[in-house]
Amino acid sequence: MDQKPGHEFDFPESSPNQDYHANDQSSNPKTKHSGPGIASFVIGITALLAYIVIFVLVTAAISSYMGHALTPEQVEQLALHPAIILASVSMLACIILNLAGLIVGIVGLVIRNRRKVFAVIGTLLNGLMILACAALVFAGIYLL
């Protein structure tokens with residue numbers, strides 16, 4: 001038998017254990033992250049930052065109305081305040097952005113042979129923000 005020094009055994013190119021580990025995402029360090037998952041995560045973070053900016057700007061714009069009872073004329077004037085209108089349109093845009101992020105996150109979860117960390121985080125983040133906005137709308141409807 002002609003053996004090279006240090007090579008006592010010749011292993012076959014593929015073994016049953018190698019096939020098992022090739023399907024396991026956690027043991028394969030070369031598995032790439034899901035592109036749609038990363039996009040969903042970025043969309044979720046962007047929308048979250050936009051919600052924070054909207055909240056801060058609206059709070060600053062209507063701070064003079066806070067702390068005392070409003071007459072019906074003041075409520076109507078407040079509803080037509082440019083900051084409130086801009087915030088309403090911006091919230092609608094963020095909800096549409098979250099819906100797109102949720103769809104892209106689900107696509108990222110379905111893709112095979114990719115890491116799904118960003119897809120899971122993005123899907124949860126976008127889904128929770130959609131639920132929070134829906135809860136805010138329902139709270140506003142039922143508190144009036």
Side-chain angles (χ1 to χ4, degrees), residues 4 6-144:
K4 298 175 188 172
H7 295 282
E8 297 174 6
F9 301 103
D10 286 332
F11 291 106
E13 290 296 319
S14 134
S15 67
N17 289 337
Q18 186 180 10
D19 292 336
Y20 173 75
H21 290 298
N23 294 331
D24 186 17
Q25 292 179 10
S26 62
S27 67
N28 190 353
K30 295 185 181 190
T31 303
K32 293 183 179 181
H33 286 284
S34 169
I38 294 171
S40 174
F41 177 74
V42 169
I43 289 170
I45 294 295
T46 304
L48 180 63
L49 292 175
Y51 286 126
I52 292 170
V53 168
I54 291 167
F55 178 74
V56 169
L57 291 178
V58 167
T59 303
I62 65 169
S63 62
S64 62
Y65 293 100
M66 294 181 179
H68 53 78
L70 298 175
T71 63
E73 292 84 24
Q74 288 175 326
V75 171
E76 185 176 332
Q77 184 182 20
L78 181 63
L80 296 176
H81 194 282
I84 300 295
I85 294 172
L86 181 64
S88 301
V89 172
S90 300
M91 288 285 285
L92 183 62
C94 285
I95 291 172
I96 292 170
L97 192 65
N98 284 131
L99 283 171
L102 183 68
I103 292 168
V104 171
I106 291 170
V107 168
L109 289 172
V110 175
I111 294 177
R112 294 181 180 220
N113 298 327
R114 297 279 192 232
R115 292 186 183 175
K116 297 183 180 2
V117 174
F118 286 113
V120 169
I121 295 171
T123 303
L124 288 175
L125 190 62
N126 287 302
L128 288 175
M129 282 191 274
I130 290 170
L131 288 176
C133 287
L136 185 64
V137 168
F138 286 127
I141 289 171
Y142 289 115
L143 290 178
L144 289 178

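For the numbers below, each heavy atom of this structure counts, side chains included, while hydrogens, waters and symmetry mates do not.
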What distance do [X] atom [atom1] and [Y] atom [atom2] have between them, rounded to the nearest 0.5 Å?
{"X": "M129", "Y": "L124", "atom1": "CE", "atom2": "CG", "answer": "10.5 Å"}
{"X": "I130", "Y": "C94", "atom1": "CD1", "atom2": "SG", "answer": "11.5 Å"}
{"X": "I54", "Y": "L49", "atom1": "CD1", "atom2": "CG", "answer": "11.0 Å"}
{"X": "Y51", "Y": "L136", "atom1": "OH", "atom2": "CG", "answer": "9.5 Å"}
{"X": "S40", "Y": "F118", "atom1": "OG", "atom2": "CZ", "answer": "11.0 Å"}
{"X": "I38", "Y": "I43", "atom1": "CD1", "atom2": "CD1", "answer": "12.0 Å"}

Give the minimum heavy-atom separation between [X] and [Y], together with the two atoms involved.
{"X": "A83", "Y": "V58", "answer": "O-CG2, 3.9 Å"}
{"X": "I85", "Y": "A79", "answer": "CG1-O, 4.1 Å"}
{"X": "G108", "Y": "A119", "answer": "C-CB, 3.7 Å"}

Side-chain donor/acceptor of [X] to backbone N/O of [Y], under 3.5 Å:
{"X": "T123", "Y": "V120", "result": "no"}
{"X": "K116", "Y": "G37", "result": "no"}
{"X": "T31", "Y": "R114", "result": "no"}

Discussion item. Does any part of the side chain of I84, heavy atoms only, come nearer than 4.5 Å to the side chain of L80, both counted from C-beta?
Written reply: no

Fill in: Name of the residue among L102, V104, L99 meeting side-chain contact (heavy atoms from CB on, under 4.5 Å) with N126
L102

